[in-house]
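Just follow the structure's listing: the first ligand is 1, and inside any ligand the first atom is 1.
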Amino acid sequence: MAASAMSKLLVSDIASAVDHVPSNYIRPISDRPNLSEVESSGDSIPLIDLQDLHGPNRADIIHQFSHACSSYGFFQIKNHGVPTKTIERMITIAREFFHQPESERVKHYSADTKKTTRLSTSFNVGTEKVSNWRDYLRLHCYPIEDFINEWPSSPITFKETTAEYATSVRALVLTLLEAISESLGLAKDRVSNTLGKHGQHMALNYYPPCPQPELTYGLPGHKDGNLITVLLQDEVSGLQVFKDGKWIAVHPVPNTFIVNIGDQMQVISNDKYKSVLHRAIVNSDKERISIPTFYCPSEDAVIGPAQELINEEEDCPALYRSFTYAEYYEKFWDRGLATESCLDSFKASTT
Ligand code: OGA
Ligand code: NI
């Protein structure tokens with residue numbers, strides 16, 4: 001391999017120069033994607049139609065939420081209210097961002113996980129041993145006026161397009177939070193009220209084509225640390241979810257989002273709803289873009305199991321201690337992606 005490829009910051013710029021995966025991306029044999037054992041999702045992933053959420057069938061839809069959140073922890077939604085144009089523009093601008101010359105992209109590069117706007121690669125290059133075949137632009141996007149000045153100004157419509165998308169997805173998330181709250185038997189503003197001033201982050205994930213996809217990951221198995229994630233993906237498959245001991249490929253369906261439960265919802269629901277293990281694999285001939293919105297508490301919010309769901313006498317004790325989201329968030333990044341839950345150190349003491 002050309003020595004110059006190794007000195008590149010971003011995997012996009014390495015991918016275009018190699019015909020083998022460089023050694024620092026190669027997983028140990030015990031930790032490879034085993035692509036031949038992956039199942040195809042077929043119809044097994046719940047699809048919730050939000051059309052009727054505000055009509056006479058609300059109770060039925062809420063029931064679908066409780067089923068999807070408790071038995072799967074992830075599901076698809078349609079008729080979600082985010083305009084098709086807004087979605088198309090967002091995917092296009094993300095693609096244009098990553099197709100810019102290296103010199104333009106690296107202006108935003110930082111390995112500092114505390115920075116609120118940054119382009120990086122893999123997950124946390126400061127702590128991990130094996131790298132992942134992914135570059136990502138991470139943005140904070142609520143309140144939008146606090147962050148929009150930091151966002152890239154190239155491509156020229158980046159800020160406007162991304163702001164429109166983030167605002168529209170936030171409105172959707174607030175609707176989802178009410179439905180999820182009700183599905184737990186809680187008041188509909190209960191989950192929202194535990195999040196302090198609320199937070200919203202986005203990642204623009206770019207997975208370049210990979211010469212040997214069986215040796216590496218776009219993202220290895222992990223659980224999202226935030227409250228819920230709303231994932232937009234382009235038309236290229238790559239997402240896989242772990243269910244009943246198997247990895248299942250979740251193929252993109254036009255005009256739907258994937259929603260998954262994250263660690264904070266697991267805590268608030270006191271394990272009624274669990275954060276789900278998922279990963280992204282890469283492929284040899286197509287680049288892939290995915291855009292997760294990570295909805296989260298604000299850093300000062302105190303997170304713990306909802307009191308209404310706890311009953312010490314009836315064998316329903318609080319399973320987690322209370323903590324600030326800032327405390328959790330720091331641990332999440334420091335530890336690196338791992339299949340073990342980051343929540344282990346936030347469990348209530350049993351003595
Ligand atoms: C993530 C993630 C999945 C994907 O960014 O946390 O799980 O399909 N992404 O890119
Ligand atoms: Ni994830």
Engineer: Is Lys246 salt-bridged to Glu39, cutoff N-O under 4.0 Å?
Structural biologist: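 Answer for the salt bridge query: yes.
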Engineer: Which of parallel (below 30°), tilted (30 to 60°) and perpendicular (above 60°) describes Phe123 and Phe332?
Structural biologist: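 Aromatic pair Phe123/Phe332 classed perpendicular.
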Engineer: For atom 3 (C) of ligand 1, grab the closest protein heavy atom and report residue, atom and distance to one decimal in Å.
Structural biologist: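 Protein heavy atom at minimum distance: Leu239 CD1, 3.9 Å.
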Engineer: Could you tell me which atoms of ligand 1, counted from 1 in the order shown, lie closer than 4.0 angstrom to a heavy atom of Asp224?
Structural biologist: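 In order of numbering, the contacting atoms are 6 (O).
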Engineer: In the protein, which heavy atom is nearest to atom 8 (O) of ligand 1, and how far is it?
Structural biologist: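 Of every protein heavy atom, Arg288 NH2, 2.8 Å lies nearest to atom 8 (O) of ligand 1.
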Engineer: Does atom CD of Glu330 have more than 12 heavy-atom neighbours, drawn from other residues, nucleotides or ligands, at distances under 6.0 Å?
Structural biologist: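 For Glu330, atom CD is not crowded (no more than 12 foreign heavy atoms under 6.0 Å).
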Engineer: Examine the proximity of ligand 1 to Tyr136 and report which part, side chain or backbone, both or neither, has a heavy atom under 4.0 Å away.
Structural biologist: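 Tyr136 to ligand 1: no contact under 4.0 Å from either part.
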Engineer: At under 4.0 Å between heavy atoms, is it the side chain or the backbone of His222 that contacts ligand 1, or both, or neither?
Structural biologist: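 The answer is the side chain of His222.
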Engineer: To the nearest 10 degrees, calculate the angle at the Ni ion (ligand 2) involving NE2 of His222 and NE2 of His278.
Structural biologist: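 Here the angle at the metal atom is close to 90°, to 10°.
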Engineer: Please name the atom of Asp224, restricted to N, O or S, that is closest to the Ni ion (ligand 2).
Structural biologist: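 Of all N, O or S atoms in Asp224, the Ni ion (ligand 2) lies closest to OD1.
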Engineer: Check the orientation of Trp333 and Tyr329. Use parallel for under 30°, tilted for 30 to 60°, and perpendicular for over 60°.
Structural biologist: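 Answer is perpendicular, since the angle exceeds 60°.
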Engineer: For the residue pair Trp151 and Phe158, does the interplanar ring angle fall in the parallel (under 30°), tilted (30 to 60°) or perpendicular (over 60°) class?
Structural biologist: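 Correct class here is perpendicular.
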Engineer: Would you mind checking which non-hydrogen protein atom is closest to atom 1 (C) of ligand 1, with the distance to 0.1 Å?
Structural biologist: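 For atom 1 (C) of ligand 1, the nearest protein heavy atom comes out as Leu219 CD1, 3.5 Å.
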Engineer: Does the structure place the NZ or CZ of Arg134 under 6.0 Å from the centre of the six-membered ring of Tyr136, at an angle of no more than 45° from the ring's axis?
Structural biologist: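 Pair Arg134/Tyr136 counts as cation-pi.
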Engineer: State the atoms of ligand 1, each with its element, that fall below the 4.0 Å cut-off from a heavy-atom position in Pro292.
Structural biologist: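 Numbered from 1, ligand 1 contributes 5 (O).
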Engineer: Does even one non-hydrogen atom of Gln233 get within less than 4.0 Å of ligand 1?
Structural biologist: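 False for this residue.
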Engineer: Tell me the protein heavy atom at minimum distance from atom 5 (O) of ligand 1, and give that distance in Å.
Structural biologist: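 Answer for atom 5 (O) of ligand 1: Asn205 ND2, 3.1 Å.
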Engineer: Taking atom NE2 of His99 as the centre, report whether more than 12 heavy atoms of other residues, nucleotides or ligands fall under 6.0 Å from it.
Structural biologist: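 Correct, the count exceeds 12.
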Engineer: Could Glu235 and Arg288 be called an ion pair, given the rule that one side-chain N must be under 4.0 Å from one carboxylate O?
Structural biologist: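 Here Glu235 does not pair with Arg288 in a salt bridge, since their nearest N and O are not under 4.0 Å apart.
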Engineer: Tyr207 heavy atoms, cut-off 4.0 Å: which ligand 1 atoms fall inside?
Structural biologist: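 With Tyr207 as reference, the close atoms of ligand 1 come out as 4 (C), 9 (N), 10 (O).
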